[in-house]
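Structure, as C-alpha cells:
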Amino acid sequence: MSERRKPYPFDQIEPKWQTIWEERQMFHAPNAGEKNFDPAKPKFYILDMFPYPSGAGLHVGHPEGYTATDIIARYKRMRGCNVLHPMGWDAFGLPAEQYAIKSGQHPAVTTRENVAKFKSQLKRIGFSYDWQREINTTDPRYYKWTQWIFLQLYNSWFNPKTNKAEPIKSYRGKNPDEVRLAYVADVPVNWCAELGTVLANEEVVDGKSEIGGFPVVRRPMRQWMLRITKFAQRLLDELDALDWPEGIKLLQRNWIGRSEGAEIDFKIDGGQQKIRVFTTRPDTLYGGTYMVLAPEHSLVDLIVTEEQWPAVREYRERTARKSDLERTELSKEKTGAFTGAYAINPATDEKIPIWIADYVLLGYGTGAIGGVPAHDERDLEFARKFDLPIRQVVQPLGGEDPIGFIGEGIAINSPAIDGLPSREAIRKITQWLEERGLGKGAISYKLRDWLFSRQRYWGEPFPVVWESGKHRALDESELPVVPPPLDDYKPTGTGEPPLAKAKDWIRYSDEALRETNVMPQWAGSCWYYLRFCDPQNDKRFVGEKAEKYWMGGNKPGGVDLYVGGTEHAVLHLLYSRFWHKVLFDLGNLSKPEPFQRLVNQGIILGEDNQKMSKSRGNIVNPDDVIDQYGADAFRCYEMFMGPLEQMKPWSMRGVEGVARFLARVWRLLMRENQASEWELSPAVQDVDLMKAQQRIVHATIKKVTEDIESLSFNTAIAQMMIFVNAFTNAESLPVSALRTFLILLNPFAPHIASELWEKLNAKFKDVRGDMAEQAWPTYDERLLAEDEVEIVIQVNGKVRDRMKMSILATEEEIKSAALENPRIRELTSGRTIRKVIVVPKKLVNVVA
RNA sequence: GCCGAUGUGGCGAAAUGGCAGACGCAACGGACUUAAAAUCCGUUCUCGCGAAAAGCGAGGUAUGGGUUCGAAUCCCAUCAUCGGCACCA
C-alpha cells in the first residue's frame, strides 16, 4: 500500500482506546451482588445473533447488525441504563465440522482458531461487548446445561388440560415414553449421504441440504424427536404480543400452518377398521368419490387385496426411492395405485375405492384424505388421470365453472346441508358428524415434530444410555457428557454415528451403552441468550436472580432488542421460543417469550450489486477497510449506507466519503503545527454560542436522539455532517457545542470521539470524566425555533412564491399576507378565490 | 401458483399527506500549489423561452387510473426485482 498520509491518526487512536476500554473493563455489566451494580438503573438487554466462527473470518455483513446494536448499547449506557451487550460463539454443528473435515484438522482445533480470529476482528471494530460474558457452545461448562435442558424435555410432557409442559411424574397414562417431549421414533427422515446425517425439514431446501447443497433422500430411521407440535397453538398465539416485523411473524405463522376443519372416520367395506381423514372442507363430504392414503400409511398392509398387492408394493417402493426433490419435481403428473379395498362414505353410504398416492403426505393431518375431485384441484387432477367419478356438491355464487371450484358457495346434492352457504354448511355437517359419532371438528398444523438427532461428531452428546433396548436418561449429576477424543470423526456414511467408533466410550456399564447420536446445531443457540445473563454459574443453567433481572420487564419477551438476519425466521427463532416455553412452564424462567423486539438487518451486496460470494470474488473483508480508513469510518459507513433493514450494495467510494467526514471532525478541533504534530485548534474557545449555533446544536441533539431510537442511523449521521459543515470555517468554536457534538458522535465513532474528548479535557476544565461516562444531552424545543420561517405560497397546489413570516403569525395574518402578495394577486386576478388553506409555519394554498 | 417486501437523479439515499432529491458518492468549475495529492468554495433532474446569467414557464418519484385544495406518501389495477412457501387436504 502506498504510504499516503492518513487523514487523521486513526491507526494510533483506535488501538489506544481499545486497550483502555479493555484495561478498565468499561463495558462490563455487573450482575446484582457484584461491585458497581446499581439497582436504581433500568436494565437494557441488547443482543446480536452470535456467529458461527467459520474459517473464512468475518465479512462486512456480520458487523452491520453488530454496529447497530453497539450504537444502541453505547447510547443506552449514556442514558443511564445497565446494558447487557454480550457476544459468543455458536461453534458446534455442520459448518464447523465440514470445515474441519476439509482442512484435515480436528474440529476442536479449527474452532479454537476460528474463534480467536473472529474475536480479534470484532475487537478491531471497537464493539463494546462485555467480554467477561463470552460463551462458546462447545465448552463443556456451556453444553453441560444444553444437555441439562434436554433432560428437562425428556422428563416432561405436554398436558393438554393445562396447556403446559409438566414433569413426567404428573402423567397418569401407562407408558410415559409415549408422551415425553423428547422421544425416539422410527420415522422417515431426510437422509443426506454426502453429509452422512439426517436433517430437519427446515434444513432441507429444494430437496437439497441447506449446507453444501447435497442431495437428500427420504429413509426411515430411528431418531430423537422433540414434540414441538404440542406447542403449535401457543407458538402461534403468543407471537401477537411481540414487537417483531410483521413479515417474520407471518413466516412463522405460515410455517406453523394452522388449519381448521374436521376429522372424519370412513369405515372399510367388509372390515372392522376405520380410516380417519382430515379435511378443511367437511361440507364437500358428499362429493367424496374415492379415498387416498399416503403410501407409507400403516393401514395399507391390512386392507390391500391379493390381486392388487404387487401393484401396491411396486408403487410403494418407487415412491420410497424418490427424494423430496423428485417428489416435488414430478408433481405435475399425479401417480398412485388402487388397493383393491373400498371404504364407505359416511355421508352417502356409498362404496368408494381406496387408493394410495404420494400426493398425500403421511406427516400431515391423518395421512389420508377423502378425494373430492369436484372441489379440489389435486383431487380433480387425480380423478381425471385414473378416471374416478366427479360429483359437484358446491354451487359457486358467480358464473364460475363448478367443476374444480374451490371457493365458497352454496351446498348442493348434500341432503344434510343443501342450500347452506359453505361456512354454515361446514358448521352444520361437523355437528351432524359429531351427533352420529362419525367425526368431529379438528385443527391441523403443518408444523412437524423436530428431528433432533444427527449422525455426526461435532455436537452435544445425548445424556442418554440404552439398556436392553430401552432408553434411559442419565442423572443430572453425570453431566456434562463429554464426547471422546476421536481421531477419526468423519461420518461413517452408513447412518451409524461416528461416536459408535469410540468403543470404550460407548460402554457406559456392563448393561448399558451410550447413545451415539449428537444434537443438532440449533441446540446450543436455543438458549444462549439465557446463559449470557449468568455465564459462569455452575449450579444452574442461569441464576434465578440474574434471569429475573436481565429477562425482566413488563412485556412478555425478555431480550429488549434482538438483531440478526432473516434467515433465522423459522429455524432458530421458532426453536428458541419452544425451549423457552418449556423452561417457563417448568418454572425455570420468569417470562413466556425470549425476544421482545426483533429487527432484521438487510443483506450487504458486493460492489457489483450481487450477493457476496467467494466464486464472484466480490467479498469485502473488514480488516482491509479498517487498515485503510479505520474502524470508526468502517462503523459509520456500515450505518450510512442506508436503512438498516434494507438490502444494499457496498461501495468503497462511500467508505471514503464517510472517512472524509470523520477527518473533517478531526480538523474541526485539531490543527497541525509546524512540527507536523496535531494540536488543539486555537479556534476552540470557551465562549457562548450564537443563536444560530445554538439552534443547530439543539437540532442535532434532537435528530440524532430520535434517529437512534428509531434505528435510522443513516439520517443521524447525515445530521452530524450538517453540523460539521455548519461549524467548519467558524471563527470561534464554542467548546460546549463541540462537547455536545462529541457525545452524539460517540456511539457511532467512539475512538475519535474519545480521543477528541480527551484533548478538550486537557485544555478546558469545564467538564470531567471520560467520553464513555458522559450523560446523553437533552434538547430544548424553544431553542430550536427560528424567529422567522419561510412560508411557501401555492396557487392550486403549485409553488408560486415564498415569504418570510414571524413564527408567531396567526393563520389569518398568513392568509392575508399571501393574498396581498403581488405575484399571487397577478396569478389570481380575474378568478374567484374559492378557498385558502393555511398550514401554520409551512405553507398557504390559494385555490382559485 | 400462493404469501410478503421493494421500485425516487449517473450512484447510495432523504422526505410517510404540504417546497421532491436533505446528506454522501461521482462529475464539472474555481481557490491554494512549481505540479499533483489532500483541503476549501461553488455548480449539477429534464425540457422550453432568454446571447448569457439572473429570471420565467412546463414536466418529473416503475406504468395506468382514482381520492384530495394539495400525493413519492393514501386507494385500485398492471409491470419489474428480491425474499419466503410450495401437492399441507
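What you see is a predicted model; the values in this text were computed from it and never measured.
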For a quick test of reading the model: is some side-chain N or O of [X] closer than 4.0 Å to OP1 or OP2 of [N]?
X      : N     : value
A/N600 : B/G83 : no
A/R667 : B/C40 : yes
A/R800 : B/G70 : no
A/N254 : B/G84 : no
A/T715 : B/A13 : no

Candidates [options] - which lies nearest the side chain of [X]:
X      : options             : result
A/K611 : B/G83, B/A89, B/C23 : B/G83
A/R660 : B/C25, B/G57, B/C3  : B/C25
A/V792 : B/G24, B/C85, B/C19 : B/C19
A/Q794 : B/C40, B/A13, B/C19 : B/C19
A/L843 : B/A14, B/G18, B/C3  : B/G18
A/M647 : B/C82, B/C23, B/G4  : B/C82
A/I722 : B/C87, B/C25, B/A22 : B/A22
A/N714 : B/A13, B/A89, B/G4  : B/A13
A/P643 : B/A22, B/G12, B/A14 : B/A14
A/Y364 : B/G18, B/A14, B/A89 : B/A89

What is the nucleic acid contact for [X], judged by heavy atoms within less than 4.0 Å: base, sugar-phosphate only, or nothing?
X      : value
A/R258 : nothing
A/L250 : sugar-phosphate
A/T566 : nothing
A/V839 : base
A/G365 : nothing

**Prompt:** Can you say whether the rings of A/F634 and A/W650 are parallel (under 30°), tilted (30 to 60°) or perpendicular (over 60°)?
**Reply:** tilted
**Prompt:** Should the ring pair A/H568 and A/H572 be called parallel, tilted or perpendicular, given that the plane angle runs from 0 to 90° and is split at 30 and 60?
**Reply:** perpendicular
[atom1] atom, [N] versus [M]: distance in rounded Å?
N     : M     : atom1 : answer
B/G29 : B/A20 : P     : 31 Å
B/A15 : B/C23 : C1'   : 12 Å
B/G9  : B/G21 : P     : 14 Å
B/C41 : B/C45 : C1'   : 23 Å
B/G64 : B/A71 : C1'   : 16 Å
B/U39 : B/C32 : C1'   : 9 Å
B/C74 : B/U61 : C1'   : 15 Å
B/G10 : B/A26 : C1'   : 7 Å

**Request:** Classify the side chain of A/K842 and the base of B/C19 as holding, or not holding, a donor-acceptor pair under 3.5 Å.
**Result:**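 Side chain to base: no pair present.
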**Message:** I'd like to know if A/R802 reaches the base of B/C19 with its side chain, counting only an N/O donor and acceptor under 3.5 Å.
**Reply:** yes
**Asked** Is the ring centre of A/W355 less than 6.0 Å from the ring centre of A/Y290?
**Response**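 Ring centroids of A/W355 and A/Y290 are no less than 6.0 Å from each other.
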For a quick test of your reading: what N or O donor-acceptor pairs under 3.5 Å do the side chains of residues 652-671 of chain A make, sequence neighbours left out?
| from | atom 1 | to | atom 2 | distance (Å) |
| --- | --- | --- | --- | --- |
| A/E656 | OE1 | A/Y629 | OH | 3.2 |
| A/R664 | NH2 | A/N725 | OD1 | 2.4 |
| A/R671 | NE | A/E679 | OE2 | 3.1 |
| A/R671 | NH2 | A/E679 | OE2 | 3.2 |

**Item:** Chi-angle category of B/G9 [syn within 90° of 0, anti beyond]
**Value:**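 Syn, angle within 90° of zero.
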**Message:** Can you tell me whether the base of B/G50 sits syn or anti, using the 90° cut around 0 to define syn?
**Reply:** syn
**Asked** Have A/Y315 and A/T335 got a donor and an acceptor in their side chains that come within less than 3.5 Å?
**Response** yes
Taking atom [atom2] of [N] as reference, at what distance in whole Å does atom [atom1] of [X] sit?
X      : N     : atom1 : atom2 : result
A/L662 : B/C25 : CG    : P     : 12 Å
A/N609 : B/C82 : CG    : C1'   : 12 Å
A/D283 : B/A89 : CG    : P     : 14 Å
A/N796 : B/U68 : CG    : C1'   : 13 Å
A/L819 : B/C69 : CG    : P     : 18 Å
A/Y629 : B/G24 : OH    : C1'   : 14 Å
A/W255 : B/C2  : CH2   : P     : 21 Å
A/L668 : B/U39 : CG    : P     : 15 Å

**Request:** Return the 5'-most residue of the pair A/A718, A/T280 with respect to RNA chain B, ranking by each residue's nearest nucleotide.
**Result:**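 Closer to the 5' end of RNA chain B: A/A718.
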**Whichever of A/N725 and A/K648 has its nearest RNA chain B nucleotide further upstream toward 5'** = A/K648
**Request:** Could you note down all residue pairs passing salt bridge (charged side-chain N to carboxylate O under 4.0 Å, His left out) where residues 834-848 of chain A supplies at least one of them, sequence neighbours left out?
**Result:** none
For [X], does the [atom1] atom have more than 12 heavy-atom neighbours from other residues, nucleotides or ligands under 6.0 Å away?
X      : atom1 : value
A/R825 : CZ    : no
A/K648 : NZ    : yes
A/K274 : NZ    : no
A/E377 : CD    : no

**Asked** Taking only Watson-Crick and G-U wobble pairs with both distances under 3.5 Å, what dot-bracket line describes RNA chain B, where [ ] shows pairs that cross earlier ones and | shows pairs with another strand?
**Response** (((((((..(((.....[....)))((((((.......))))))(((((.....)))))..(((((..]....))))))))))))....
**Asked** How many angstroms lie between atom OG1 of A/T715 and atom CZ of A/F640, to the nearest 0.5 angstrom?
**Response**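 Atom-to-atom, A/T715:OG1 and A/F640:CZ are 9.5 Å apart.
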